[in-house]
Amino acid sequence: MFYPSVALAPGNPAILLADVGLPMIFVTLPLMAYALVPVILVEVWVGKPLLQTSYGRSAWVFTVANVVSTIVGIPAAWMVMLFLDLAFGTTISPHISQKALEGPVLKVIFVIMNSAWLGSVQSVFYWPVPLAAMVLLIPSFFASWYIEAFIIDKMVEQEWPTVRSAAFKANLASYSLLFVGGCSWLIFSLIRHGTRV
């Protein structure tokens, strides 16, 4: 499998990947861009009755809101998670030995705690990548909700509580769909490569 961090690494990419790890923004941002059309369709279907607008108007409003939240919100959510990863990592990582990370439960916890940038401790990426992508859906949801609510509020005549509720329910529906997709990706990866973590 090809990872952008390999392409960006000078010298010997195979060696540098082991030291650099995988910045998950290179995975999540393209995936969210690919998912943009189904996400918009789901959010229009959920948000249209709440905003009491036509389908055409709802489609335009949610398209603009989702494009902006993808361009701004996803990187912002990733940077917040990266900051938290670095903050907690510098506190906890020195106390975790390489041998301790051989256990499957600790490996999963380590991936969750380092979801923004999968570290060099990961010898395989087939299960950590989908798991980290699913963890990153949580901050991305909140970033998308607030950004989209702000944009929709500027484009429709509804009151702020109605707009906020519509954006929340629309994002809850679309992110539930993305979470199911992430679960399917993780299960497929585990079945394909064997269930050993």
Side-chain angles (χ1 to χ4, degrees), residues 1-8 17 20-48 50-51 58-86 108 111-119 122 125-155 163-190 192:
M1 182 178 241
F2 173 78
Y3 295 103
S5 58
V6 174
L8 297 175
L17 178 62
V20 173
L22 177 64
M24 282 297 295
I25 189 67
F26 290 129
V27 176
T28 56
L29 190 57
L31 287 177
M32 293 300 264
Y34 290 136
L36 200 53
V37 172
V39 162
I40 291 169
L41 292 174
V42 168
E43 292 191 11
V44 168
W45 180 65
V46 173
K48 186 258 179 196
L50 299 169
L51 294 177
S58 292
W60 171 245
V61 166
F62 279 103
T63 298
V64 172
N66 273 280
V67 168
V68 174
S69 70
T70 300
I71 294 170
V72 176
I74 303 304
W78 177 78
M79 287 193 301
V80 168
M81 289 299 288
L82 180 62
F83 174 77
L84 292 175
D85 287 354
L86 293 173
V108 170
V111 169
I112 291 170
M113 290 176 58
N114 295 276
S115 57
W117 196 305
L118 294 177
Q122 302 303 329
F125 284 98
Y126 69 86
W127 68 267
V129 170
L131 178 60
M134 289 167 62
V135 172
L136 290 172
L137 285 176
I138 298 168
S140 297
F141 166 80
F142 288 103
S144 296
W145 171 29
Y146 286 114
I147 291 170
E148 289 177 28
F150 176 78
I151 292 168
I152 293 168
D153 186 53
K154 305 298 181 187
M155 298 180 73
V163 170
R164 186 178 58 195
S165 176
F168 176 79
K169 290 176 181 176
N171 274 276
L172 189 61
S174 62
Y175 272 83
S176 296
L177 183 67
L178 293 171
F179 185 78
V180 169
C183 288
S184 302
W185 180 16
L186 179 59
I187 292 167
F188 175 78
S189 297
L190 288 171
R192 184 178 176 193

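The OG atom of Ser115 sits 8.5 Å away from atom CD1 of Ile112, with the distance rounded to the nearest 0.5 Å. Within the model, atoms OG of Ser176 and CG of Asn171 stand 10.0 Å from one another, a figure rounded to the nearest 0.5 Å. Taken from OG in Ser189 to CH2 in Trp185, the straight-line distance is 7.0 Å, to the nearest 0.5 Å. Taken from CZ in Arg164 to NZ in Lys169, the straight-line distance is 11.5 Å, to the nearest 0.5 Å. Atom CG of Asn114 and atom CG of Leu82 lie 10.0 Å apart (nearest 0.5 Å).
The side-chain hydrogen bond (donor to acceptor under 3.5 Å, both in side chains) contacts involving residues 67-84 comprise Ser69-Glu148, where partners must be two or more places apart or lie in separate chains.
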For residues 24-47, tabulate all N or O donor-acceptor pairs below 3.5 Å that involve a side-chain atom, not counting sequence neighbours.
| unit_1 | atom_1 | unit_2 | atom_2 | d |
| --- | --- | --- | --- | --- |
| Thr28 | OG1 | Met24 | O | 3.1 |
| Glu43 | OE1 | Asn66 | ND2 | 2.9 |
| Glu43 | OE2 | Ser174 | OG | 2.7 |

Intermediate values then yes/no, side-chain contact (heavy atoms from CB on, under 4.5 Å), Val108 and Trp127:
CA-CA 9 Å; Val108 170; Trp127 68 267; 4.0 Å; yes
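Considering only residues two or more places apart in sequence or on other chains, Val72 meets the side chain to side chain contact (heavy atoms under 4.5 Å, CB included) condition with Val68, Ile147. Residues passing the ring-ring contact (aromatic ring centres under 6.0 Å, His included) test with Phe141 are Phe168, Tyr175, sequence neighbours excluded. Residues satisfying the side-chain hydrogen bond (donor to acceptor under 3.5 Å, both in side chains) criterion with Ser58, sequence neighbours excluded, are Thr53. Residues satisfying the side chain to side chain contact (heavy atoms under 4.5 Å, CB included) criterion with Phe83, sequence neighbours excluded, are absent altogether.
The two residues Trp117 and Asp85 make their nearest non-hydrogen contact at N-OD2, 3.8 Å. Across all non-hydrogen atoms, the minimal contact from Lys48 to Phe62 is N-CE1, 4.4 Å. Across all their heavy atoms, Ala143 and Ala77 have their closest contact at CB-CB, 4.3 Å. Considering every non-hydrogen atom in both Asp153 and Val163, the closest pair reads N-CG1, 3.7 Å.
The shortest distance between side-chain heavy atoms of Leu118 and Pro128 falls below 4.5 Å.
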